[in-house]
*Asks:* 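Supplied in structure tokens, the structure appears directly below.
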Amino acid sequence: MKVYETNEIKNIALVGSKGSGKTTLAEAMLYECGVIKRRGTVEAGNTVCDYFPVEKEYGYSVFSTIFYAEFLNKKLNVIDCPGSDDFVGNAITAMNVTDTAVIVIDGQYGVEVGTQNIFRVTEQEKKPVIFAINQLDGEKCDYDNVMHQLREVFGSRVVPIQFPIECGPNFNSMIDVLLMKKYSWGPDGGVPTISEVPAEYMEKAKEMQQVLVEAAAENDETLMDKYFENGTLTEDEMRAGIRKGLVDRSIYPVFCVSALKDMGVRRMMEFLGNVVPFVEDMPVPVDAEMNEVKPDSNGPVSLFVFKTTVEPHIGEVSYFKVMSGTLKAGADLVNIDKGSKERLAQIFCTCGQLRTPVDELKAGDIGATVKMKDVKTGNTLNEKGFESRYDFIRYPDPKFSRAIKPENEADAEKLSEILTRMHEEDPTWVVVQSKELKQTIVSGQGEFHLRTLKWRIENNDKLNVTFSEPRIPYRETITKAARADYRHKKQSGGAGQFGEVHLIIEPYVEGMPKPETYRFGNQEYKMNVKDTQEIPLEWGGKLVIHNCIVGGAIDARFIPAIVKGIMDRMEQGPLTGSYARDVQVCVYDGKMHPVDSNEISFRLAARHAFSEAFRNANPKILEPVYDVDVLVPADKMGDVMSDLQSRRAIIMGMSSDKGFEKISAKVPLKEMSSYSTALSSITGGRSSFTMKFASYELVPGDVQDKLLKAYEASNADED
């Protein structure tokens, strides 16, 4: 295989909604450039890109797949990404290591929520966008309607390069307004017949070409001058203008394809090879310290590992982008993140699971290696002396969580190792060993995302696991002041135990003044604050303890033990065993014994006194509430609203967002447990949502009663 220079390499992400035909398009691209001799199908499970067993089981992409195409003396590195919102992490990764996004549109459904979601990623990463309207041979395809949607949602920057003569099962020809030619295909697609534009389509073609010429000229003053002078541009001038427009995102070209019939694919690849930006045309990447790292093949060798997988009979495969320098097989590099040395004995270019050994890869290229010692997704490998490190991929917050445990408790350690490895493969699988909930929590982008994780553990690692709803991290607090005292006394021969603590608690609010006087019944308690401890709690909120003891009723050396006793109960609230928060405590009196008083005595006395006061302070349970934004088609708005309201949601607002409706609400976490599954069911997978922690709020009285009864029942079972 030829060694491609940086100015011969183009990196492309193939993205779009689920079912838009990306994998079928990838198969046609591979066929057109001669990598494969026969096109596979998703249904038959023999495509280059969907080769993992789980993908064959489910019938669509779960992982991103890297392949290359040698075309027009260029090397096109393409990453085919899953379309499901559950696997959006793959698309985000791909958009960070490629330079152009080809967003595939299903010609039968047009712009979908998934289309908008991936377009937002291209906006964040400032990457060029090309739209490919696929499935023009579909029964329900309406090209004009799809173009209307694209312009309505993405604006006037959407400029068609082609238009079909007829859509639906009879689709077999189109007009290319960049070349001003008609392309026609036989029943089997493949190589087109190219002819002049028929007279009946000439006027429409010229109008569309004029729009394209103007869009190309806008991106370059020299081209604009030529356009005003000559009224048009040459084909090469148009290509140069479109390339500039792609880089600054002022033009989104639109292509027509039928990936299944291999119609229009070669023409789109010609555009990718001739027009889309090279690696060196794009803005220079920066490292974690915001220093520019130019894709210079003569610079220091630097790699970013953006993906790792474990494949049968091979082991770990690491995929990387050469950020700088020329990587040669056998190179010794340093893992900047871990300080370890790694030898890349072999390097490959990949097409799915097919690997072609190469001797070297230049800056900007994408490759793979196997069996490195200690390299994980997100690591940087550099030649000795070069310190740049890359940390530019930001993943979305998880939206779906489950508690996981092995069916056999003896396999707990093995499961932990597997989950750690799988998070390293896909960082959007988040694993937390929750001390608070006493559960291992796995989180992801949706129910199918976690179902895939479970499938892999059970089928690849042969370890049976169970999922359950995770416990909710409730909080406990108080709503009024209360007083209590407790004497701990124990005598069993020899030195005994004695400690007595009197305290007052009340709700804590940031900025509240120090206490002076409390009244309970007919008795008044005056506080003389000698010392204050403010303890920010790991789980949120504060505990504030005032030492108001006068006359040496309790020796100062026992105060830390009293604080520990109070913290014991803050860590396991009296109502449901949840963490407590936002409490102010005044320790104002007590008693001690000259012989029997010790730290454990005062710790136990403080614990019991605090528990009693807490129960008398009108305690309430707080629940985590999340800000939830749902993007939904207008025709499903009512159904989604009704479902949210059944989940105790408070609707905060509604707005339109480029053809879809956006609902903003505050929803208790308890009610979001299976929301991704429910939303997909209600809208046929045409919606998406995001959720972010907002605050802790009081639970309604009926919910609190249920929680208290459930806690009492669980304690009774344990007893």
Side-chain angles (χ1 to χ4, degrees), residues 1-13 66 68-79 93-101 125-128 240 243-244 246-248 272-307 318-337 341-344 346-350 358-369 372 375 378-393:
M1 179 180 175
K2 170 186 170 182
V3 175
Y4 287 88
E5 300 295 331
T6 302
N7 62 4
E8 298 174 313
I9 297 167
K10 301 188 179 190
N11 296 321
I12 298 156
I66 297 92
Y68 69 90
E70 296 179 275
F71 197 74
L72 302 178
N73 294 315
K74 315 286 193 316
K75 186 184 182 194
L76 308 181
N77 291 312
V78 184
I79 304 181
T93 299
M95 289 308 309
N96 276 272
V97 297
T98 57
D99 304 308
T100 301
E125 304 303 329
K126 299 181 175 62
K127 295 300 173 75
R243 184 181 295 116
K244 281 195 171 183
L246 282 165
V247 173
D248 63 21
L272 296 177
N274 289 326
V275 182
V276 303
F278 291 99
V279 170
E280 60 182 15
D281 294 325
M282 298 299 295
V284 177
V286 295
D287 63 14
E289 302 298 324
M290 301 308 290
N291 300 311
E292 290 189 346
V293 181
K294 294 182 179 179
D296 179 3
S297 59
N298 295 316
V301 177
S302 182
L303 315 180
F304 175 66
V305 179
F306 63 87
K307 174 182 169 72
S318 301
Y319 297 87
F320 57 81
K321 181 177 183 181
V322 183
M323 305 298 292
S324 170
T326 298
L327 174 68
K328 296 187 177 182
D332 291 314
L333 302 177
V334 177
N335 185 332
I336 296 298
D337 299 273
K341 293 181 180 179
E342 296 284 348
R343 168 163 287 188
L344 283 71
Q346 289 181 294
I347 54 177
F348 306 91
C349 288
T350 65
V358 293
D359 293 327
E360 59 183 70
L361 295 170
K362 302 283 186 176
D365 214 340
I366 288 174
T369 189
M372 287 199 283
V375 173
N379 286 175
T380 300
L381 303 179
N382 292 341
E383 68 175 53
K384 189 175 180 180
F386 188 62
E387 297 298 325
S388 280
R389 185 177 67 82
Y390 311 103
D391 183 26
F392 44 66
I393 301 180

*Asks:* Rounded to the nearest 0.5 Å, how far does OG1 of T326 lie from CG of N298?
*Replies:* 6.5 Å
*Asks:* Can you find a pair of side-chain heavy atoms, one from P285 and one from M323, that are under 4.5 Å apart?
*Replies:* yes
*Asks:* Look only at the side chain of S324 and the backbone of P300, and say whether a donor-acceptor pair between them is shorter than 3.5 Å.
*Replies:* yes
*Asks:* With sequence neighbours excluded, what pairs up with D391 under the side chain to side chain contact (heavy atoms under 4.5 Å, CB included) test?
*Replies:* A288, R389, R394
*Asks:* Can you sort out the partners of S302 under side-chain hydrogen bond (donor to acceptor under 3.5 Å, both in side chains), two or more places apart, ordered by chain and number?
*Replies:* N382, Y390
*Asks:* Could you measure the distance from the CG atom of N11 to the NZ atom of K321? Nearest 0.5 Å is fine.
*Replies:* 5.0 Å
*Asks:* Under the salt bridge (Lys or Arg N to Asp or Glu O under 4.0 Å) rule, collect the residues that match up with K2, sequence neighbours excluded.
*Replies:* E8
*Asks:* A368: what forms a side chain to side chain contact (heavy atoms under 4.5 Å, CB included) with it, not counting sequence neighbours?
*Replies:* V317, Y319, T350
*Asks:* Under the ring-ring contact (aromatic ring centres under 6.0 Å, His included) definition, can you give me all pairs with a residue in residues 284-304, not counting sequence neighbours?
*Replies:* F304-F392
*Asks:* Can you sort out the partners of K127 under side-chain hydrogen bond (donor to acceptor under 3.5 Å, both in side chains), two or more places apart, ordered by chain and number?
*Replies:* none
*Asks:* Any sub-3.5 Å donor-acceptor pair from T369's side-chain atoms to Q346's backbone N or O?
*Replies:* yes
*Asks:* Among residues at least two apart in sequence or on other chains, which ones pass salt bridge (Lys or Arg N to Asp or Glu O under 4.0 Å) with E387?
*Replies:* none
*Asks:* Return the set of residues passing side-chain hydrogen bond (donor to acceptor under 3.5 Å, both in side chains) with N7 (not counting sequence neighbours), or none when no residue passes.
*Replies:* none
*Asks:* Show the numbers, then the answer: is there a side-chain contact (heavy atoms from CB on, under 4.5 Å) between D281 and L246?
*Replies:* CA-CA 10 Å; D281 294 325; L246 282 165; over 6 Å; no
*Asks:* Show your working on side-chain contact (heavy atoms from CB on, under 4.5 Å) between I347 and F320 and close with a plain yes or no.
*Replies:* CA-CA 10 Å; I347 54 177; F320 57 81; 4.2 Å; yes
*Asks:* Of all the heavy-atom pairs spanning D99 and P128, show the shortest one and how long it is.
*Replies:* O-CD, 2.7 Å
*Asks:* With rounding to the nearest 0.5 angstrom, report the CG to CD distance, L327 to E360.
*Replies:* 9.0 Å
*Asks:* Kindly say whether P277 contributes a backbone atom to a donor-acceptor pair with the side chain of R243 at under 3.5 angstrom?
*Replies:* no
*Asks:* State which residues pass side-chain hydrogen bond (donor to acceptor under 3.5 Å, both in side chains) with N96; sequence neighbours excluded, sorted by chain then number.
*Replies:* none
*Asks:* Determine yes or no for a side-chain-to-main-chain donor-acceptor pair under 3.5 angstrom, with E383 supplying the side chain and V301 the backbone.
*Replies:* yes
*Asks:* Find the distance between CZ (F71) and CG (L272) and round it off to the nearest 0.5 Å.
*Replies:* 9.0 Å
*Asks:* Do the non-hydrogen side-chain atoms of K307 and I79 ever get within less than 4.5 Å of each other?
*Replies:* no
*Asks:* Got a sec, which residues hit side chain to side chain contact (heavy atoms under 4.5 Å, CB included) with D332, two or more places apart in sequence or on another chain?
*Replies:* R343
*Asks:* Please list, chain by chain and in numerical order, all residues satisfying side chain to side chain contact (heavy atoms under 4.5 Å, CB included) with K10, sequence neighbours excluded.
*Replies:* L76, V276, F278
*Asks:* Please answer whether the main-chain N or O of K328 pairs with a side-chain N or O of D359 as donor and acceptor at a distance below 3.5 Å.
*Replies:* no
*Asks:* Which distance, rounded to the nearest 0.5 Å, do you find between the CD1 of I366 and the CG of L303?
*Replies:* 12.0 Å
*Asks:* To the closest 0.5 Å, what do you measure between CG (L381) and CE (M372)?
*Replies:* 5.0 Å
*Asks:* Quick one: list whatever passes salt bridge (Lys or Arg N to Asp or Glu O under 4.0 Å) with K75, sequence neighbours left out.
*Replies:* D365
